[in-house]
Amino acid sequence: MSNLIRRVFRITAAFFLVTCLVLLVVQVVWITPGQDCERAGKWWDWRQRTCAQPIQISDITGRPITDRSSHDAAKADARARKAEAPGAAKP
């Protein structure tokens with residue numbers, strides 16, 4: 001009976017250690033970088049582990065924003081992102 005208890009304890013301890021290791025890897029590889037990326041105002045893609053800078057569709061197409069309120073909101077958002085960027089030059 002003593003050998004059975006030792007064997008069950010070892011299996012349980014090994015399972016516990018493997019589970020802790022997996023959770024640590026997930027935390028370090030996916031969760032923490034994702035939180036850092038989102039805190040910086042960027043987009044986090046957990047599948048490819050990529051932190052991407054969002055850009056306005058008008059920057060891609062080259063078409064101006066014709067709605068004045070949307071234009072003002074886009075400019076204010078761009079100024080806010082530029083001010084939050086580390087090492088941004090102050091005018």
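Heads up: numbering here begins at 1 and tracks the sequence.
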- Task: Among residues two or more places apart or on two chains, list those pairs meeting salt bridge (Lys or Arg N to Asp or Glu O under 4.0 Å) that have a residue in residues 5-28.
- Result: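 Output for this query is empty, none listed.
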
- Task: For residues 24-39, pull every pair meeting salt bridge (Lys or Arg N to Asp or Glu O under 4.0 Å), keeping only residues two or more places apart or in separate chains.
- Result: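 For residues 24-39, and leaving out neighbouring residues, the salt bridge (Lys or Arg N to Asp or Glu O under 4.0 Å) pairs sorted by first residue read D36-R39.
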
- Message: Membership question, hydrophobic clusters at under 4.5 Å side-chain separation (ILVMFWY): are I5 and F15 in the same one?
- Response: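 No, no single cluster joins them.
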
- Query: Do V29 and W46 sit in the same hydrophobic cluster, where Ile, Leu, Val, Met, Phe, Trp and Tyr count as joined when their side-chain heavy atoms come under 4.5 Å apart?
  - Reply: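 Yes, because V29 and W46 connect within a single hydrophobic cluster, where side-chain heavy atoms sit under 4.5 Å apart.
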
- Message: Applying salt bridge (charged side-chain N to carboxylate O under 4.0 Å, His left out), can you list everything that pairs with D45, at least two apart in sequence or on another chain?
- Response: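 D45 satisfies salt bridge (charged side-chain N to carboxylate O under 4.0 Å, His left out) with no other residue.
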
- Co-members of the apolar cluster containing L24 [side chain, <4.5 Å]: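 Members besides L24, by chain and number: V28.
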
Only counting residues at least two apart or in another chain, list the ones meeting side chain to side chain contact (heavy atoms under 4.5 Å, CB included) with [X].
X	result
L4	M1, V8
S69	D67
W43	P54

- Can you tell me which residue pairs pass the disulfide (SG to SG under 2.5 Å) test with a partner in residues 22-72, sequence neighbours excluded?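 Output for this query lists C37-C51.
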
- Query: Mind checking what makes side chain to side chain donor-acceptor pair (under 3.5 Å) contact with D77, not counting sequence neighbours?
  - Reply: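 By the side chain to side chain donor-acceptor pair (under 3.5 Å) rule, D77 matches R81.
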
- Query: According to the side chain to side chain donor-acceptor pair (under 3.5 Å) rule, which pairs have a member within residues 19-29, sequence neighbours left out?
  - Reply: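 Counting only pairs at least two positions apart or across chains, the side chain to side chain donor-acceptor pair (under 3.5 Å) contacts touching residues 19-29 are Q27-T32.
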
